[in-house]
Amino acid sequence: MLQLKSMVRVRFAPSPTGFPHVGNMRTALFTWLFARHHGGRFIVRIEDTDVARRVEGAVEAILDSLRWLGLDWDEGPGVGGDYGPYYQSQRLKIYQEAARRLVDGGYAYRCYCSPQRLEEMRAEQVRRHQPPGYDRRCRYLSDEERFDYEAQGIVPVVRFKVPLSGQTTFTDLIKGEVTVDNSHLDDFVLLKSDGYPTYHLANVCDDHLMEISHVIRADEWLSSTPRHKLLYDALGYSLPHFAHLPMILGPDRSKLGKRHGATSVVEFREQGYLPEAMVNFLALLGWSLDDRTEIIGREELIRNFSLERISKTGAIFSHQKLLWMNGVYIRQLPVEDLAQRMMPFLDRDLPASIERPVDKGYLLKIVPLIQERMKLLSESAELTDFFFVDDLAYEADLLLMEGLPPERSIEALEQSLPRLQALPNFDAESLEGLLRPLAGELGLKTGQFFGLLRVATTGRTAAPPLFQTMEVLGRDRCLKRLRAALGRLKD
RNA sequence: GCCCCCAUCGUCUAGUGGCCCAGGACGUCGGCCUUUCAAGCCGGAAACAGGGAUUCGAAUUCCCUUGGGGGCACCA
């Protein structure tokens, strides 16, 4: 890889036009990993130059997501830095001056074309199967014409004067050398008529002024990089390194978007994904350590991350694999930790009748029983509610075991009750010691007997191991539930 | 339409000329374990887009085709 002679300074530059998309967050993660691996600086810069598309609360949502994933930034909103401000809307002067400099230097010109004209021009181009693009009319305006437009009070935009011939080449750290004929580039806008810069101008100015060493961004920017190179040259700035990350795709292989379901990391958080699982999963989407590593933590990621091992191909976001990975991380969690993380979900989803906050000591006994069954924290309530509710609600039919007449079930429960009552220690071991032989005594298969008891004590056919569940529930609850089951069977 | 990028199992990927009749993981299928559900363990099916060329030898290099994606705004 190239010699990094100076400090690595990289930036994540989201635009607050929507909520933190997993694609953007993956870009943030890779950028952050690159910075941390090289001991460089990770900078967050808000690209809020589109007044019309600005979304309320988006900046905070983006920053929250970065924090949630543990991607801390060295410069940017909230932490400041020597290269601020870090909101582009607060740097308008810089861009306006750069635009003026370009116009004065003959690298750019003012364009007075109305949006209507541009629209008609484009429609015509499409109709004639010609490549869409500005026809450069204002590039050749006479002083007289220009004066005339100014007199009419038309506020111009500033367009870049793309060389009419020649080629532009740059090297991308992931894609390699990319070359484009300048004739394919049109005179793009640098400064809008509202005084705000376009992405192209603002991005180039800021990356230069903030001394960004590596521009790491999504693949969708690859085709505008030649324009940026032209801009860097015109402004007399030296070129940073570029690395264009492969895109994250939806199941239909198109750019992952809203129609593909949950794409905001806020949603993943609410669904009960762990940030460490998210980081692990996202890191492996377009990057790999070797031919076998799947579960890899943050530190190891930092230690091993490199741009060379990023693939060139877009990757489909697989919910399946993420779900599996989340389960792996949940199983690895210390009981206390998992209980802690479940609390907000229990709070949110448990029936209103249950007292809040739930008893932590009781929860700590429940967690080991459901830990290996949980894939999402959002399953907390459905996996544990029967431990909390007073009266179980379930279909009486569930008490009817395969090949077992109701009378036999009634008998089984009636035989069980006094013995459970009399059991000295109500723990899993003692329960098994009592109930397993009892199944034989009653002439029942263990599957039938335990199944019956399971439904009676939990109200469901799938639950954690019976004896442990009964131990956690405690004798009183169990007896009460067995009597209730008896009542249902007799109805 | 034009330009750019990409192309290994359904999916994420390993693979940088011989170690590959292609390895791992998710998912899937079968089995084991077992009081249910999970988890776990064992095993199976499953891919180098096609065609040329280079080479003693190509998943790996080159060309073409095909396919996919991205871009072509006073959006980022």
Side-chain angles (χ1 to χ4, degrees), chain A residues 13-18 47-50 52-53 111 113-115 118-119 122 125-126 128-134 155-159 172 174-176 178-181 183-186 188-194 196-200 202-203 217-226 244 246-247 249 251 253-255 281 284-295 309 311-325 327-328 331 370-375 383 432 435-436 439 445-455 458 460-467:
Chain A
S15 105
T17 52
E47 309 223 326
D48 53 350
T49 55
D50 187 341
R53 291 202 310 154
C111 168
C113 293
S114 67
L118 296 176
E119 207 171 299
R122 218 165 289 131
Q125 285 164 336
V126 170
R128 292 166 60 180
H129 297 291
Q130 289 183 338
Y134 181 56
V155 183
V157 300
V158 174
R159 286 183 186 273
D172 182 271
I174 295 169
K175 301 286 155 79
V178 178
T179 300
V180 186
D181 283 341
S183 61
H184 293 303
L185 270 25
D186 78 341
F188 55 98
V189 173
L190 298 173
L191 201 65
K192 304 181 243 181
S193 55
D194 63 1
Y196 277 73
T198 58
Y199 171 86
H200 307 299
N203 202 260
R217 63 193 358 169
D219 230 357
E220 46 189 314
W221 293 108
L222 189 69
S223 53
S224 38
T225 307
H244 288 91
M247 309 245 291
L249 279 21
R253 291 218 151 265
S254 71
K255 196 166 155 181
F281 177 75
L284 257 28
L285 223 48
W287 179 88
S288 63
L289 173 61
D290 52 32
D291 63 339
R292 54 194 65 255
T293 305
E294 301 288 342
I295 301 302
R309 294 199 61 85
S311 67
K312 299 180 178 184
T313 331
I316 293 177
F317 188 94
S318 165
H319 277 88
Q320 285 281 15
K321 187 155 183 176
L322 173 58
L323 191 62
W324 162 76
M325 196 172 274
V328 171
R331 273 172 252 132
I370 52 93
Q371 184 159 22
E372 69 185 24
R373 292 167 176 74
M374 182 169 1
K375 286 210 161 69
L383 244 25
E432 180 157 16
L435 297 170
R436 196 172 286 281
K445 291 187 220 160
T446 50
Q448 295 174 317
F449 186 43
F450 296 162
L452 172 65
L453 291 172
R454 177 173 301 107
V455 171
T458 68
R460 48 183 77 184
T461 53
L466 181 63
F467 310 122

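These numbers were taken from a predicted model, which means no experiment stands behind them. Reminder, nothing fancy here: chain letters follow the sequence lines and each chain counts from 1. For the numbers below, each heavy atom of this structure counts, side chains included, while hydrogens, waters and symmetry mates do not.
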Just name whichever nucleotide pairs with B:C62, Watson-Crick or G-U, keeping both distances under 3.5 Å, else none.
-> B:G52
Does any donor atom in the side chain of A:Ser311 or A:Thr313 lie under 3.5 Å from an acceptor atom in the other side chain?
-> no
C1' atoms of B:C42 and B:U34, separation to the nearest Å = 16 Å
Within this structure, what is the CH2-to-P distance between A:Trp287 and B:A14, rounded to whole angstrom?
-> 10 Å
A:Ile316 atom CD1 is separated from B:G70 atom P, nearest whole Å, by 12 Å
Does the A:Asp219 side chain pair with the main chain of A:Leu222, one donor and one acceptor, at a distance under 3.5 Å?
-> no
Taking it one step at a time, do A:Asp50 and A:Arg53 satisfy salt bridge (Lys or Arg N to Asp or Glu O under 4.0 Å)?
-> CA-CA 6 Å; A:Asp50 187 341; A:Arg53 291 202 310 154; 3.0 Å; yes
Describe the nucleic acid contact of A:Cys113 in one word from base, sugar-phosphate, nothing, applying a heavy-atom distance below 4.0 Å.
-> base
Would you say B:A14 has OP1 or OP2 under 4.0 Å from some side-chain N or O of A:Ser288?
-> yes
Rounded distance (Å) that lies between atom P of B:C4 and atom NZ of A:Lys175 | 14 Å
What is the nucleic acid contact for A:Arg217, judged by heavy atoms within less than 4.0 Å: base, sugar-phosphate only, or nothing?
-> nothing
Just checking A:Pro226: base, sugar-phosphate only, or nothing, at a heavy-atom cut-off of under 4.0 Å?
-> nothing
Send over the distance from A:Leu323 CG to B:C12 C1', rounded to a whole Å.
-> 15 Å
Taking atom C1' in both B:A45 and B:G70, compute the distance separating them and give it to the nearest angstrom.
-> 35 Å
Interatomic distance at P, B:U11 relative to B:C4, whole Å | 27 Å
Could you tell me which nucleotide pairs with B:G43 by Watson-Crick or G-U wobble geometry, both distances under 3.5 Å, or answer none if nothing does?
-> B:C29
Assign A:Arg253 to base, sugar-phosphate, or nothing according to its heavy-atom contacts below 4.0 angstrom with the strands shown.
-> sugar-phosphate
Separation of the C1' atoms in B:U61 and B:G57, to the nearest angstrom = 13 Å
How would you label the contact of A:Met247 with the nucleic acid (heavy atoms, under 4.0 Å): base, sugar-phosphate, or nothing?
-> sugar-phosphate
Per atom distances to the A:Arg122 side chain, the nearest of B:C37, B:C26, B:A73 is B:A73
Which is true for A:Pro197 with a 4.0 Å heavy-atom rule: it touches a base, it touches only sugar-phosphate, or it touches nothing?
-> sugar-phosphate
Of B:C5, B:A14, B:G23, the nucleotide closest to the side chain of A:Arg292 is B:G23
Between B:C9 (P) and A:Asp291 (CG): distance, integer Å | 17 Å
Using Watson-Crick geometry (N1-N3 plus N6-O4 or O6-N4) or G-U wobble (N1-O2, O6-N3), each under 3.5 Å, B:C72 is paired with B:G1
